[in-house]
Amino acid sequence: MSKIPVTIGIDIGGTNTVYGYVTKSGKIIYESSLPTKAERSAEELFERLFSDIKKLSKKIIKKYEILGIGIGAPNANYYKGIIDNPPNLKWGKVNALKLVKKYTDLPTVITNDANIAALGEMLFGAAKKMKNFVVITLGTGVGSGIIVNGKLLYGADGFAGEIGHTIVMPNGRKCGCGRNGCLEAYASAGGIKTTALQLLNNLEIPSMLRKVPANEITPKVIYNAAKKNDIIALQCFDYTARILGMKLADTVGYLSPEAIILFGGITQAGDFILKPVKKYMEKNLFYIYKNKVKIMKSSLPGAHAAVLGGSALIWNEL
């Protein structure tokens, strides 16, 4: 009996690194994780990671054939195979593909986490029948993966798609990248929290958020308040959506996508974020694009999205 082909999808995060074996149809046959231990070196992580992978591969080799490895990581460069000064990891610049070669000769490719989210949507998720779309990841940061004519857009240097680091407010909030006014400073988890705190400080309106310590305010807490018609929480989502919708209107002008897919924990707020984003995007669109571009929520299962995205990266190459 012939073996079932699978690929290994890996996602390196600041807290945990997840990996799994995935078939071409997107079925995960095994998935696991290990702590990244951000204070330690990349070499130490890759040694632990591939020790785990080697042990498991021996167990499944009779039934499955492993064809390649796809890796998602912050600030990963597809062309050079490097991870360049990733936030939340004290690595500096690391040649990730060179490290992988110490443990396996399998074909391996790497790119950033927003790009693997876009490929995951194209192969296994909401964009299966699309060739032109954008994925916006809304989490600790704001990232984007751009698919044009069925291919991931990398740009000349491998770093195309940093919509989160385009300016929405000149001389605005300080961003983690060191500049002021980036979209990420407004539409990320931290950005939404900052908006909530500013509204609480500037408006003399009753709000259940006033009972929550500042360090415990999160998008989920704001969402729970919004469900109870808390005015501050509702205004927080509206303000965030206004800025994000404006920037997405610019994105449509550059790329004319069929859809923009929102991915990440913040999308769990559902229509509290999706509907106003659509409204403000339409309001700011050049007239030839109006009512043509869908705003959609990712359909990748949240707990498995990173592994599916990493696997999609290598399946797309193969």
Asks: Identify the two heavy atoms, one from E121 and one from F263, that lie closest to each other, and give their separation to 0.1 Å.
Replies: OE2-CD1, 3.9 Å
Asks: Rounded at 0.5 Å granularity, tell me how far CG in L255 sits from CG in D250.
Replies: 11.0 Å
Asks: Do M296 and I261 have side chains that get closer than 4.5 Å, going by heavy atoms?
Replies: yes
Asks: Which value, rounded to the nearest 0.5 Å, describes the distance between L248 atom CG and I295 atom CD1?
Replies: 5.0 Å
Asks: Closest heavy-atom contact between I66 and S57?
Replies: CD1-OG, 3.4 Å
Asks: With side chains defined as the heavy atoms from C-beta onward, is the minimum distance between M122 and L119 less than 4.5 Å?
Replies: yes
Asks: Looking at R179 and I167, would you say the former's side chain and the latter's main chain have a donor-acceptor pair under 3.5 Å?
Replies: no
Asks: Please determine whether the number of non-hydrogen atoms from other residues, nucleotides or ligands lying under 6.0 Å from atom NZ of K275 exceeds 12.
Replies: no
Asks: Below 3.5 Å, can you tabulate the donor-acceptor pairs from side chains in residues 216-224 to any protein atom, sequence neighbours excluded?
Replies:
unit_1	atom_1	unit_2	atom_2	d
T218	OG1	K220	N	3.4
T218	OG1	V221	N	3.2
N224	ND2	K220	O	3.4

Asks: Donor-acceptor pair, N284 side chain versus Y280 backbone, under 3.5 Å?
Replies: yes
Asks: Quick one: does E317's side chain get under 4.5 Å of Y78's, heavy atoms only?
Replies: yes
Asks: Are T267 and S298 packed together at the side-chain level, in the sense that at least one heavy-atom pair is separated by less than 4.5 angstrom?
Replies: no
Asks: Closer than 4.0 angstrom, basic N to acidic O: yes or no for E282 and K290?
Replies: no
Asks: Test of understanding: with ring pair (Phe, Tyr, Trp, His ring centres under 6.0 Å), list the residues that count as partners of Y103, not counting sequence neighbours.
Replies: F50
Asks: Would you check if the side chain of T195 reaches a backbone N or O of G191 as a donor-acceptor pair within less than 3.5 Å?
Replies: yes
Asks: Considering all heavy atoms of both residues, which atom of E39 and which atom of K90 are nearest to each other, and what is their separation?
Replies: CA-CD, 4.4 Å
Asks: Heavy-atom count check: over 12 atoms from other residues, nucleotides or ligands less than 6.0 Å from K27 NZ?
Replies: no
Asks: Could you tell me if the side chain of P5 sits less than 4.5 Å from the side chain of W315, heavy atoms only?
Replies: yes
Asks: Over all heavy atoms of both residues, which pair between L308 and L300 is shortest? Give the atoms and the distance, please.
Replies: CD1-CD2, 4.2 Å
Asks: Examine distances only and state if a side-chain atom of R48 and a backbone atom of L34 form a donor-acceptor pair shorter than 3.5 Å.
Replies: no
Asks: Could you go through the side chain to side chain contact (heavy atoms under 4.5 Å, CB included) check for N77 and F159 one step at a time?
Replies: CA-CA 7 Å; N77 187 297; F159 287 121; 3.2 Å; yes
Asks: Taking T166 for the side chain and E162 for the main chain, is one N or O donor matched with an acceptor at less than 3.5 Å?
Replies: no
Asks: Do the side chains of L106 and I314 get nearer than 4.5 Å, heavy atoms only?
Replies: no
Asks: Is atom CG of N202 surrounded by more than 12 heavy atoms (other residues, nucleotides or ligands) closer than 6.0 Å?
Replies: yes
Asks: For the backbone of I232 and the side chain of S207, can you confirm whether one donor and one acceptor N or O come within less than 3.5 Å of each other?
Replies: no
Asks: Look only at the side chain of T240 and the backbone of C236, and say whether a donor-acceptor pair between them is shorter than 3.5 Å.
Replies: yes
Asks: Hey, can you tell me if Y21 and Y30 have their rings parallel, tilted or perpendicular (30° and 60° cut-offs)?
Replies: perpendicular
Asks: Around atom NZ of K54, are there more than 12 heavy atoms of other residues, nucleotides or ligands at under 6.0 Å?
Replies: no
Asks: Within a strict 4.5 Å, meaning less than it, do heavy atoms of the V100 and T104 side chains meet?
Replies: yes
Asks: Measuring from atom CG of N75 to atom CD1 of I12, what distance do you get when rounded to the nearest 0.5 angstrom?
Replies: 12.0 Å
Asks: For a quick test of reading the model, state the closest non-hydrogen atom pair linking R173 to Y186 and the distance between them.
Replies: N-OH, 3.0 Å
Asks: Please check if the side chain of W91 supplies one atom and the backbone of R40 the other of a donor-acceptor pair under 3.5 Å.
Replies: yes
Asks: Side chains of L203 and I231: closer than 4.5 Å at any heavy-atom pair?
Replies: no
Asks: Tell me if a side-chain donor or acceptor on E184 pairs with a main-chain N or O of V142 at a distance below 3.5 Å.
Replies: yes
Asks: With a 3.5 Å distance limit and no angle check, can you tell me whether K297 reaches the backbone of A126 through a side-chain donor-acceptor pair?
Replies: no
Asks: Could you tell me which non-hydrogen atom of E31 sits nearest to which non-hydrogen atom of I28, and how far apart they are?
Replies: CB-CG2, 3.8 Å
